[in-house]
Amino acid sequence: MPVHGYGANVEGLAQFSRALAQIGADGLRDEVKAANYDVADKLAEAAKEKAVGLNRQQRAAALSLRATRTQNYAAVRLGSARVPYALGAEFGAVKRTRKGKIARGFRPWRGNQFSGWAGGPGYFLHPTIREKGPELINDYMTHIDRIMSEAFPQ
């Protein structure tokens, strides 16, 4: 059974950014970037809070979550060179290795709907997306609408 997630695709956001550049509204372009960062940062902080009740590895992986500043989309990055196990901490691992031994260190696999677990992927980031997604999308669209009304007051 597929699990449905939340996402927002703002059609025309790139064109909107270009239109802001053409009218010389660099301050508003920075506000779009700030809106993207703000929604990603709220998601990252909520996921870090969700990971507090999990094991040490998952808490450390959640601390590597960081929002990125981009003009055309909101993004959260997970993991780093110091935390290469972050994706394993988020999605878990299949318990058997190639030699048939049980792999240690990760929780059971929650990467997709085909493994018999129908609750959805992930342990801290993806559950937070499912919980906070609609609220974050509404906040984001309110911010973008305000920027549009400032840029084009018609």
Please identify each residue that fulfils side-chain hydrogen bond (donor to acceptor under 3.5 Å, both in side chains) with Glu49, with sequence neighbours left out.
none

Using the test side-chain hydrogen bond (donor to acceptor under 3.5 Å, both in side chains), find all partners of Arg69 that sit at least two apart in sequence or belong to another chain.
none

Heavy-atom count around Lys48 NZ within 6.0 Å, excluding the residue itself: above 12?
yes

List the atom of [X], the atom of [Y], and the distance in Å for their closest heavy-atom pair.
{"X": "Ala86", "Y": "Ala61", "value": "CA-CB, 3.8 Å"}
{"X": "Ala51", "Y": "Gln58", "value": "CB-O, 4.1 Å"}
{"X": "Ile144", "Y": "Ala35", "value": "CD1-CB, 4.5 Å"}
{"X": "Ala40", "Y": "Ala75", "value": "CB-O, 3.3 Å"}
{"X": "Ala89", "Y": "Tyr123", "value": "O-CD1, 3.8 Å"}
{"X": "Val76", "Y": "Ala44", "value": "CG1-CB, 4.3 Å"}

Spell out, yes or no, whether Ile129 and Leu63 are grouped together once hydrophobic residues are joined by side-chain heavy atoms under 4.5 Å, including indirect joins.
no

Common cluster, Tyr73/Tyr37, ILVMFWY with side-chain heavy-atom separation under 4.5 Å
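No.
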
Step-by-step side chain to side chain contact (heavy atoms under 4.5 Å, CB included) determination, Phe91 to His126
CA-CA 9 Å; Phe91 295 111; His126 283 77; 3.4 Å; yes

Please check if the side chain of Arg130 supplies one atom and the backbone of Pro121 the other of a donor-acceptor pair under 3.5 Å.
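Indeed, once roles are kept as given, a pair shorter than 3.5 Å links the two residues.
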
Side-chain (Arg77) to main-chain (Ser64) donor-acceptor, under 3.5 angstrom
no

Value rounded to 0.5 Å, distance of [atom1] in [X] from [atom2] in [Y]:
{"X": "Lys50", "Y": "Lys132", "atom1": "NZ", "atom2": "NZ", "result": "9.0 Å"}
{"X": "Asp41", "Y": "Arg66", "atom1": "CG", "atom2": "CZ", "result": "12.5 Å"}
{"X": "Lys33", "Y": "Asn72", "atom1": "NZ", "atom2": "CG", "result": "10.0 Å"}

Check whether the side chains of Asn36 and Tyr140 place a donor and an acceptor atom closer than 3.5 Å, and report yes or no.
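Asn36 vs Tyr140: donor-acceptor pair found between side chains.
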
Sequence neighbours excluded, every pair satisfying salt bridge (Lys or Arg N to Asp or Glu O under 4.0 Å) that has a member inside residues 137-154:
Glu31-Arg146, Lys42-Asp139, Arg146-Glu150

Do the side chains of Glu90 and Leu78 get nearer than 4.5 Å, heavy atoms only?
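They are in side-chain contact.
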
With a 4.5 Å cut-off on side-chain heavy atoms, are Leu65 and Leu125 touching?
yes

Derivation and outcome, side chain to side chain contact (heavy atoms under 4.5 Å, CB included), residues Leu54 and Phe124
CA-CA 8 Å; Leu54 300 174; Phe124 51 91; 3.9 Å; yes

Thr128 and Leu43: CA distance, side-chain angles, deciding distance, side chain to side chain contact (heavy atoms under 4.5 Å, CB included) verdict
CA-CA 7 Å; Thr128 304; Leu43 176 64; 3.8 Å; yes

